[in-house]
There are 2 protein chains.
Amino acid sequence: MRPPGPPTDVPSRGRGGATDGDRRPTSHDVALAAGVSQPTVSRALRGDPSVAEATRQRVLDTAQALGYVPSERGRSLSTRRSGRIGVVVEDLGNPFYFELLDALHDRLERSDHRMVVLTPGRGDPERLERLVDGSTDGVVLTTTLLDSELPARLLDRRFPFVLLNRIVDGVAADSCSVANIEGAATIAAALVGHGHHSIGAIFGPSNTSTGRDREIGFRQELDKHGIVLRPESTRRGPFAHETGHRAIRGLLATRPRPTAVFCANDVIAIGALNAARALDIRVPDQLSIVGFDDIAMASWEVFKLTTVRQDLQEMCKTAIDLLLARITRPDRPPQQHVLQARLVHRATLARAPG
Amino acid sequence: MRPPGPPTDVPSRGRGGATDGDRRPTSHDVALAAGVSQPTVSRALRGDPSVAEATRQRVLDTAQALGYVPSERGRSLSTRRSGRIGVVVEDLGNPFYFELLDALHDRLERSDHRMVVLTPGRGDPERLERLVDGSTDGVVLTTTLLDSELPARLLDRRFPFVLLNRIVDGVAADSCSVANIEGAATIAAALVGHGHHSIGAIFGPSNTSTGRDREIGFRQELDKHGIVLRPESTRRGPFAHETGHRAIRGLLATRPRPTAVFCANDVIAIGALNAARALDIRVPDQLSIVGFDDIAMASWEVFKLTTVRQDLQEMCKTAIDLLLARITRPDRPPQQHVLQARLVHRATLARAPG
DNA sequence: CGGCACTATACATACGTATGCAGCGCGGTC
DNA sequence: GACCGCGCTGCATACGTATGTATAGTGCCG
């Protein structure tokens, strides 16, 4: 066995000519310096037991000395794995998706994956390509529209993905969402239970599963109690602060004036609360407001929003588990998980005035 | 010229045996089907003018028919570019960094880059490797500590990066930050101008440039006006809601009770506002509160936070421009940009009571 | 002392794209 | 009619790592 002393003095491979002094060292450079072959370097660094301990140590020391860092590009090409997961989000800048990203990042971190943030773009002309070009091992779709063809396209290509939060009907894909219909029904029941008859609603986009199902659940439960939701008492808009903010003024102008307003999510509800503040409407004395999601902000003292809580951590954990399983076993049967939601009583829902 | 009819019937390359029917097609497959060589496919798809129009069209059609998508892995290895930029953020879950990420993502999108979110982790043992392994073309550091060795290490390796928001002293690196000292001084002057003498402060971490400089600027300006900031009247903590929330109760218990509190950033200020609400302290009648950053939330009616505005869009644009320039020209002299900040008067700063 | 099993290493090659360079064919010019 | 130039395409190879297989070396047992 050769002593671990000075590396064999081999002339430069001359790959780049004379002045490429600051090229990043590769496993070949390490191999040369350590007096072993390139594959041995690869195996040594990956802890392959077939490499002798002494050799492994020598390779490690050499790598350290040269400041060698394995190229993710080479590895990725060779292994066909990138260690990256894409997260498709339409609406960065929305606190809800922020919390979602945070939770997703946390889960991905634990499984040693990196998170790439992708936005879908209006049409999907070449956007699809950016998803399936191999730069990620799979994607999480969080803001899918009901009529989106993306899930079907990805299924066609057998590209691993999971639907999170928003789902799409009739697609045999992995998904994890919350029981939106039941959650919204719970809210309706609570409003009725607090004596509200004149009720308003700010719904989300009907081309999203969350927007649609929360509306369905809310209306169904009101129907059961014989309460009609008058068209003038409803508004609709994107899941944004602005939507709630703008809707409140109009809703308060209708007669009979609603004593409670259901908001399709917390962000809308917080917009509504801000608008109420601007109009000097006291919540909940004059107006009850209820949201959906239970984002972190909802519990702040200035809001104390009564809402329906969904377990974002659990939802993200499930989604990532599904996705990683799909990557490992492309042929496993798809699973649809639906998590339960529960009402969180805070301070924006009170008995109807009068 | 061969007619564009059926492709030459060549037996399968047999690369994967019999049953690899669902392998993703490569440029070789397209070449075979279109009756050209692989390099021609590459050139045709990249719009190389040296490819004849008829050939280009045939290749495009074939690629379309096969559902070919160029492998980002192969391309990345060959070109030594990944088209990805890493963003290192310590504290996802903080609204400020969320807005930062949103702005960064927007800028990156425009230059056709993808954003990878990276967290530094406690020690930097092998974390550095994940930055320089070639999976990104450069990184944006947003939550660097003053004593961090990361920037120096990256400089050593000549790996492209830019410091955003937080900077580090004595490192010849590209950076873009805001005039924290001047901004904080402006606030101090405003407090004094509103007749406040008994002043409290909730500072950020002193091992961050933002935390340190905002403290320096604030203290300096108070000094000029002969106002002493008593140690009992100051608190310190991370840039988090919790910090402001917790600090307020203690500050209000000191005598003389402060009539105004400076908060090192808006997130802390909003925590303070929530705590004041919980304690039934009226802002600004009983207590003035001022923040720093002007995040979106600061303008909400429930807060109406008086704060110092920094132009996040501009800051991110500048940082990305610097980074991309560095990637293109590694040897260009580093630039340090400092953006101005200005006071935004809203409703949480009023004349001192009495 | 020969052969066998086993260990540690090297060799060859695959992963998929991009690009410098050579070569081929065609048309024009003198 | 020969030569030259140009437009288009193919050939060869590089990018850096991982892995299946062959091989050299070692020790043990009969």
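Labels below follow one simple rule: chain letters A, B, ... track the order of the sequence lines, proteins then strands, and each chain is numbered from 1.
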Practice problem: Answer yes or no: is there an ion pair linking R114(B) with D137(B), defined by an N-O contact shorter than 4.0 Å? | Solution: no
Quiz prompt | Atom pair distance, as rounded to whole Å: CD in E72(A) and P in dC15(D) | solution = 18 Å
Quiz prompt | N/O donor-acceptor pair under 3.5 Å between R56(B) side chain and V51(B) backbone | solution = no
Exercise. Let me know the distance between CG of L77(A) and P of dG16(D), rounded to the nearest Å.
Key: 12 Å
Practice problem: Pick out which of P151(B), S148(B), S209(B) makes a side chain to side chain contact (heavy atoms under 4.5 Å, CB included) with L163(B). | Solution: P151(B)
Practice problem: Rounded off to whole Å, could you give me the CG-to-C1' distance for the L45(B) and dT17(C) pair? | Solution: 11 Å
Self-check item: Nucleotide dA8(C), atom P - distance to CZ of R58(A) in whole Å
Solution: 13 Å
Practice problem: Rounded to the nearest angstrom, tell me the gap between atom CD in Q57(B) and atom C1' in dC8(D). | Solution: 17 Å
Self-check item: Nearest-Å distance for atom pair CG/P, residues L66(B) and dG16(C)
Solution: 15 Å
Practice problem: Scan S71(B) against the nucleic acid and name what it touches under 4.0 Å (heavy atoms): base, sugar-phosphate only, or nothing. | Solution: sugar-phosphate
Quiz item: How close or far is atom P of dG16(D) from atom CZ of R81(A), stated in whole angstroms?
Solution: 24 Å
Quiz item: Is the side chain of D29(A) donor-acceptor paired with the backbone N or O of T26(A) at a distance under 3.5 Å, no angle test?
Solution: yes
Quiz prompt | Atom pair distance, as rounded to whole Å: CG in D29(B) and C1' in dC15(C) | solution = 13 Å
Exercise. Could you check if a side-chain atom of S82(A) sits within less than 4.5 angstrom of a side-chain atom of E72(B), using non-hydrogen atoms only?
Key: no
Practice problem: Would you tell me if any nitrogen or oxygen in the side chain of T55(A) comes within less than 4.0 Å of OP1 or OP2 on dA8(C)? | Solution: no
Practice problem: Looking at every strand, decide which applies to V51(B) at a 4.0 Å heavy-atom threshold: base, sugar-phosphate, or nothing. | Solution: sugar-phosphate
Quiz item: Would you say R24(A) reaches dC15(D)'s phosphate, i.e. side-chain N/O to OP1/OP2 under 4.0 Å?
Solution: no
Extract all donor-acceptor atom pairs below 3.5 Å that involve side chains of residues 39-48 of chain B and protein atoms in other chains or at least two apart in sequence.
residue : atom : partner : partner atom : Å
T40(B)  : OG1  : S37(B)  : OG           : 3.2
D48(B)  : OD1  : S50(B)  : N            : 2.8
D48(B)  : OD1  : S50(B)  : OG           : 2.8

Quiz item: So among V140(A), V88(A), V89(A), L141(A), which one has a side chain to side chain contact (heavy atoms under 4.5 Å, CB included) with L118(A)?
Solution: V88(A)
Exercise. Please examine the side chains of D174(A) and F161(A), heavy atoms only from C-beta on, and report whether any two atoms are closer than 4.5 Å.
Key: no
Quiz prompt | Nucleotide nearest S50(B) (side chain, heavy atoms from C-beta), chosen from dT17(C), dT9(D), dG16(D) | solution = dT9(D)
With 3.5 Å as the limit, what N/O pairs link the protein to nucleotides 18-20 of chain D?
residue : atom : partner : partner atom : Å
dA18(D) : OP1  : R46(A)  : NH1          : 3.2
dA18(D) : OP1  : R75(A)  : NH1          : 3.3
dA18(D) : OP2  : S42(A)  : OG           : 2.7
dA18(D) : O4'  : S78(A)  : OG           : 2.7
dA18(D) : N7   : Q38(A)  : NE2          : 3.3
dA18(D) : N6   : Q38(A)  : OE1          : 3.0
dG20(D) : O6   : R43(A)  : NH2          : 2.6

Quiz item: Through what angle, rounded to 10 degrees, does the axis of the helix from dC1(C)-dG30(D) to dC30(C)-dG1(D) turn between its ends, using five pairs per end?
Solution: 70°
Quiz prompt | Shortest side-chain distance from T26(B), nucleotide among dT17(C), dG10(D), dT17(D) | solution = dT17(C)
Quiz item: What distance separates R110(B) CZ from D106(B) CG, expressed to the nearest 0.5 Å?
Solution: 4.5 Å
